[in-house]
Amino acid sequence: MTQPNAAPATVPGKFVTFEGIDGAGKSTHVNAFVETLRQGLARVGRDVVATREPGGTPLGEALRKLVLDEPMDIETEALLMFAGRREHLVKVIEPALTRGDWVVSDRFTDATFAYQGGGRGLSLDKLSVLEQWVQGTRQPDLTILFDLDPSIAAARLAGARAPDKFERESAAFFTRVREEYLRRAQASAGRFVVIDAAQSIDAIAAELAGVFARLGVPGH
Ligand code: ADP
Ligand code: TYD
């Protein structure tokens, strides 16, 4: 039975993504962000799907292991990112948004432009073709970019966890990744919230609290 306070099923949900270089602090905040969002949306009968890329589906998680662990041609790497993304969109993201639920993804296509484009130097035009093929006009409604100097991020990660293929990349690589993220944030300023990730964890959490009002989350 439909709940009396449920919004009409025709109102689509919103799609929010978290981005930033490795070690910028995304994982530290994403779970609490999702939980607060879930509590607000429960008032209008909506839920939140928390997901990630690479990953988000059984096939995507299998591809994640390959792209994070195996050396491969950079175009193969980009194609696998988009293959996993297609599956993620069709099986998880689009159905959730159609139901009226919201989706929070730890990384999405901005990461491909930043890492495979900026970091690896792959043609941005080629990536745009794949983006159009795989997702049509679908874009996140809001992208929260954790922006941090790569030397600070590297210091945070040192000894924190076993580095994967990307986390073993050079400071120069992460400088290029950061620059491409910032370039995209500037080019689509209405979609991005850029967080100065050098702040304390509490200061960042306070900034994130302001995002709920911007998103129109009930109770904020
Ligand atoms: P990401 O998910 O962006 O790779 P994490 O959230 O895993 O980054 O954070 C990387 C490391 O930095 C963790 O050890 C975490 O505790 C620490 N950290 C996260 N945010 C901050 C912060 N604002 N100040 C100092 N250290 C932080
Ligand atoms: P992430 O899940 O954030 O790593 P962790 O769980 O270690 O914090 O991201 C995994 C890595 O994949 C990260 O280094 C960025 C990289 N990546 C790309 O290179 N291209 C992409 O399209 C995506 C989604 C991720």
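In listed order, ligands and their atoms are each counted from 1. Values reported hereafter were calculated over all heavy atoms of this structure, with side chains retained and with hydrogens, waters and symmetry mates removed.
Nearest protein heavy-atom neighbour of atom 2 (O) of ligand 1: Ser27 OG, 2.4 Å. Nearest non-hydrogen protein atom to atom 25 (C) of ligand 1 is Arg156 NE, 3.5 Å.
Not a single heavy atom of His29 sits under 4.0 Å from any atom of ligand 1.
Distances from atom 13 (C) of ligand 1 to the protein include no heavy-atom value under 4.0 Å.
Note: an N/O pair closer than 3.5 Å links Gly25 and ligand 1 by distance alone. Backbone and side-chain nitrogen or oxygen atoms of Gly23 are examined, and one is located within less than 3.5 angstrom of a nitrogen or oxygen of ligand 1. Distances between N or O atoms of Asp22 and those of ligand 1 include no value under 3.5 Å. When only interatomic distances are considered, the shortest N/O to N/O separation between Leu157 and ligand 1 does not fall below 3.5 Å.
Under a 4.0 Å N-O distance rule, the pair Glu75/Arg120 does not qualify as a salt bridge.
A salt bridge (charged side-chain N to carboxylate O under 4.0 Å, His left out) check over residues 154-164, counting only residues at least two apart or in different chains, returns the pairs Arg161-Glu167.
Using cut-offs of 30° and 60° on the angle between ring planes, the pair Phe173 and Phe166 is tilted.
At a heavy-atom distance under 4.0 Å, atoms from both the backbone and the side chain of Thr28 approach ligand 1. With a 4.0 Å heavy-atom cut-off, ligand 1 is reached by the side chain of Arg161 but not by its N, CA, C or O. The proximity of Ala153 to ligand 1, defined as any non-hydrogen pair under 4.0 Å, does not occur for either the backbone or the side chain.
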Measure and list all N/O to N/O distances between ligand 2 and the protein that fall under 3.5 angstrom.
from: ligand 2; atom 1: 2 (O); to: Arg64; atom 2: NH1; distance (Å): 3.1
from: ligand 2; atom 1: 2 (O); to: Arg64; atom 2: NH2; distance (Å): 3.0
from: ligand 2; atom 1: 3 (O); to: Lys26; atom 2: NZ; distance (Å): 2.9
from: ligand 2; atom 1: 3 (O); to: Arg107; atom 2: NE; distance (Å): 2.7
from: ligand 2; atom 1: 3 (O); to: Arg107; atom 2: NH2; distance (Å): 3.3
from: ligand 2; atom 1: 6 (O); to: Arg64; atom 2: NH2; distance (Å): 3.1
from: ligand 2; atom 1: 7 (O); to: Glu167; atom 2: OE2; distance (Å): 3.2
from: ligand 2; atom 1: 8 (O); to: Arg161; atom 2: NH2; distance (Å): 3.4
from: ligand 2; atom 1: 9 (O); to: Arg107; atom 2: NE; distance (Å): 3.0
from: ligand 2; atom 1: 14 (O); to: Asp22; atom 2: OD1; distance (Å): 2.9
from: ligand 2; atom 1: 14 (O); to: Asp22; atom 2: OD2; distance (Å): 3.0
from: ligand 2; atom 1: 19 (O); to: Gln116; atom 2: OE1; distance (Å): 3.4
from: ligand 2; atom 1: 19 (O); to: Gln116; atom 2: NE2; distance (Å): 2.9
from: ligand 2; atom 1: 20 (N); to: Gln116; atom 2: OE1; distance (Å): 2.8
from: ligand 2; atom 1: 22 (O); to: Arg85; atom 2: NH2; distance (Å): 3.3
from: ligand 2; atom 1: 22 (O); to: Thr112; atom 2: N; distance (Å): 3.3
from: ligand 2; atom 1: 22 (O); to: Thr112; atom 2: OG1; distance (Å): 2.6

